[in-house]
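Computed from a predicted structure; not experimentally measured.
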Amino acid sequence: MQQNRLAPRNGGKGNGKIRITPLGGLGEIGGNITVIETERSAIIVDVGMSFPSEDMHGVDILVPDFTYLRQIKNKIKGIVITHAHEDHIGAVPYLFKEMQFPIYGTPLPLGMIGNKFDEHNMRGHKNYFRYVEKRKPIKIGDFEVEWIHMTHSIIDASSLAITTDAGTIIHTGDFKIDHTPIDGYPADLHRLAYYGERGVLLLMSDSTNSHNPGITKSEASVGPTFDLLFSRAKGRVLMSTFSSNIHRVYQAIDHGIRYGRKVCVIGRSMEKNLDIAMELGYIKLPQSIFIEPHELGKYPDNEILIVTTGSQGEAMSALYRMATNEHRHVKLKPSDTVILSAKAIPGNEASVSALINFIQKCGATVAYQDFSEIHVSGHAAQEEQKLMIRLTKPKFFLPVHGEYNHLMKHKETAMKCGIPERNIFLMSDGDQIEITPKYMKKVKTVKTGKTFIDNQLNEEIASDVVIDRQKMATEGIVVIVAQIDKNSKKFISHPKVSSFGLVADAKDKEFAKEISQLLEQFLENKPDLVDAPKKLENDFRQVVRKHIFRKYKKYPTIVPTIFIM
């Protein structure tokens with residue numbers, strides 16, 4: 001009799017039925033939020049934000065559309081947080097302004113959500129926090145959820161094992177498999193293998209780096225590059241990275257200490273994240289090494305390390321203001337070495353390039369992508385994705401976290417690892433997938449989208465406002481002010497016409513005259529419209545719009561104001 005050589009135990013039992021609905025994070029990088037539900041209860045995995053495109057004028061962040069959550073509000077038993085990156089927790093305050101549920105997570109993610117609640121004057125909502133320990137399953141509604149330690153580009157990241165009546169779901173969260181992490185806590189592969197042996201119905205796995213062959217390098221590989229740059233630096237060293245990448249910040253500070261430098265942390269998010277990581281005991285650093293920005297002048301340049309925000313070229317960030325001579329305490333100079341220890345997020349390449357230009361104009365040395373190990377990703381490459389699949393041995397597979405091309409490539413990798421194509425589905429936001437031990441199928445599509453947020457006010461911006469801004473930015477605006485005599489039904493004086501973003505200043509007068517004559521001719525032909533001011537206003541708008549499109553091929557916003565005297 002032939003031996004069954006470690007055949008996968010595809011987990012699924014009984015007649016259980018689960019529905020999975022991503023409301024963000026698919027077809028995009030960021031904005032991650034997924035609903036997992038049974039007939040009686042539901043949990044939300046992460047509530048993340050994303051960044052706007054350049055044409056969303058005045059919009060700072062995007063948060064998911066919560067319409068579906070409103071519909072199933074009474075079923076929701078809790079929010080489950082995988083880790084503390086903005087694209088997984090950034091929208092929590094906006095959800096909590098409308099509806100509140102218990103939030104389950106490990107200390108760092110809940111600490112960072114707590115900071116957000118402080119900023120939004122929502123301190124009272126911290127009583128919804130439920131702190132969990134890894135490897136200790138918690139019952140939440142119909143689900144039993146266990147947090148499994150995972151390595152990523154932020155401390156205290158987790159994968160999830162979600163046990164249901166239908167079987168076990170493994171949600172990787174964002175992950176890479178780092179065998180030499182800075183804090184000495186590698187990914188808990190044993191626990192993943194444990195669930196793989198018991199049987200996994202479904203694996204939902206991070207697809208961000210699915211085009212990358214091989215493995216993602218360890219966070220520790222950045223250390224030797226830092227060592228080289230610190231040893232060469234004759235003046236100040238400025239290191240910029242994502243404020244959430246505490247291990248990268250820790251490595252930079254560790255090298256600063258090694259080379260006898262005092263450390264100045266500049267940037268609100270960087271200070272807060274470092275404070276909370278130290279307060280919770282994730283990293284240990286002596287307070288004596290830290291100095292305030294106003295103390296920088298007391299030390300020689302070769303005894304200073306500045307750790308700051310702005311690696312993405314954000315115009316309001318500390319590093320950008322230093323490079324453009326606008327920062328209160330720090331102005332870049334030729335003896336400085338600036339380390340940009342981050343890769344440009346897709347869409348930010350132009351901003352990062354502009355930042356580098358400003359730094360170089362100051363004469364400072366920039367270390368960016370000329371060193372291959374100045375930054376390493378926090379996401380798994382193909383060999384780590386294969387390891388995740390082999391450890392968990394799932395029956396069904398849903399690639400998550402990424403654009404369609406990332407999901408497609410991850411599907412190919414899964415098929416190479418023996419998962420049948422019929423057991424893989426490429427989801428889009430709003431797709432509702434039903435899973436039982438016997439099948440996986442799409443059952444419906446729910447409403448999804450984005451809500452625009454002005455971060456200065458922490459308030460929503462109506463979508464029609466953003467559309468108007470886009471239109472004005474690309475098409476221009478025409479303002480018409482006219483006075484009409486209701487008896488003679490003629491203009492009292494020529495209509496006053498002003499335009500912005502449509503014709504050059506030198507042609508303003510000519511354009512105003514052209515539109516004024518057009519309106520005078522129109523009123524002469526239809527004088528009775530004076531008795532219907534609303535219709536007259538609308539017709540003025542139409543006739544001017546048609547004329548401008550014929551002549552200038554633009555559809556500007558037209559604002560007529562008519563006074564009938």
Side-chain angles (χ1 to χ4, degrees), residues 11-48 50 62-80 88 91 94-95 98-99 101 140-143 145 160 162-171 200-205 207 394-408 410-411 414 419-451 463:
K13 54 191 178 184
N15 299 312
K17 188 186 292 180
I18 311 154
R19 289 195 175 185
I20 294 174
T21 316
L23 302 178
L26 290 168
E28 60 176 337
I29 302 291
N32 298 282
I33 175 172
T34 302
V35 179
I36 302 177
E37 62 187 298
T38 63
E39 290 299 321
R40 295 182 302 277
S41 62
I43 56 173
I44 305 167
V45 178
D46 294 330
V47 187
S50 51
L62 306 174
V63 303
D65 185 323
F66 299 133
T67 300
Y68 185 65
L69 300 186
R70 293 182 194 109
Q71 292 168 8
I72 62 163
K73 181 179 176 182
N74 294 333
K75 283 175 70 172
I76 297 169
K77 304 303 179 189
I79 298 168
V80 171
H88 292 259
Y94 299 97
L95 175 62
E98 184 179 341
M99 45 190 144
F101 312 103
I140 309 172
D142 288 344
F143 307 93
V145 184
L160 303 171
I162 304 168
T163 303
T164 72
D165 286 344
T168 298
I169 300 166
I170 299 290
H171 189 304
V200 170
L201 178 66
L202 170 69
L203 173 65
M204 302 173 72
S205 189
S207 306
K395 179 172 185 176
F396 298 113
F397 180 61
L398 292 175
V400 294
H401 199 293
E403 296 174 8
Y404 191 84
N405 66 88
H406 300 116
L407 308 182
M408 188 73 198
H410 204 170
K411 174 185 174 180
I419 299 181
E421 186 172 12
R422 67 180 179 276
N423 287 3
I424 303 170
F425 190 87
L426 303 188
M427 295 187 293
S428 298
D429 288 342
D431 286 346
Q432 189 162 90
I433 308 298
E434 185 173 279
I435 300 174
T436 73
K438 295 186 175 66
Y439 66 81
M440 174 170 71
K441 66 180 182 182
K442 178 181 170 181
V443 287
K444 68 175 181 178
T445 301
V446 307
K447 183 177 183 293
T448 59
K450 299 296 180 191
T451 300
S463 56

Using the rule side chain to side chain contact (heavy atoms under 4.5 Å, CB included), only one of H410, M204, E421, M440 pairs with F397; which is it?
H410

Quick one, [X] and [Y] - any side-chain contact, counting heavy atoms below 4.5 Å?
| X | Y | answer |
| --- | --- | --- |
| K17 | D165 | no |
| L160 | V80 | yes |
| F143 | T163 | no |
| F425 | K441 | no |
| I79 | V47 | yes |
| I162 | T168 | no |
| P64 | L95 | no |
| T34 | I44 | no |

Atom of [X], atom of [Y] and distance for their closest heavy-atom approach:
| X | Y | result |
| --- | --- | --- |
| V446 | Q432 | CG1-NE2, 4.2 Å |
| N32 | G25 | OD1-CA, 3.4 Å |
| I419 | P394 | CD1-CG, 3.8 Å |
| I424 | P399 | CG2-CD, 4.2 Å |
| I72 | A42 | CD1-CB, 4.2 Å |
| F396 | T436 | CE1-O, 3.4 Å |

Just do the side-chain contact (heavy atoms from CB on, under 4.5 Å) check on I43 and V145 with the steps written out, would you?
CA-CA 10 Å; I43 56 173; V145 184; 4.2 Å; yes

Straight-line distance of [X] [atom1] to [Y] [atom2], nearest 0.5 Å:
| X | Y | atom1 | atom2 | result |
| --- | --- | --- | --- | --- |
| H171 | L203 | NE2 | CG | 9.5 Å |
| R19 | E39 | CZ | CD | 6.5 Å |
| E28 | L62 | CD | CG | 8.5 Å |
| T448 | F66 | OG1 | CZ | 12.5 Å |
| L201 | I435 | CG | CD1 | 6.0 Å |
| I169 | I18 | CD1 | CD1 | 4.0 Å |

What's the verdict on side-chain contact (heavy atoms from CB on, under 4.5 Å) for I20 and V35, showing C-alpha distance, side-chain angles and the deciding distance?
CA-CA 6 Å; I20 294 174; V35 179; over 6 Å; no

Does [X] reach the main-chain N or O of [Y] with its side chain, forming a donor-acceptor pair under 3.5 Å?
| X | Y | value |
| --- | --- | --- |
| S207 | V400 | yes |
| N423 | P420 | no |
| D46 | G48 | no |
| K442 | D431 | no |

What verdict does the side-chain contact (heavy atoms from CB on, under 4.5 Å) test give for E37 and T21, after you've listed the backbone C-alpha separation in whole Å, the side-chain angles of each residue and the deciding distance to 0.1 Å?
CA-CA 8 Å; E37 62 187 298; T21 316; 4.1 Å; yes

Above 12 or not: heavy atoms from other molecules or residues under 6.0 Å from CZ of R70?
yes

Could you check whether T38 and D142, counting side-chain N and O atoms only, form a donor-acceptor pair closer than 3.5 Å?
yes

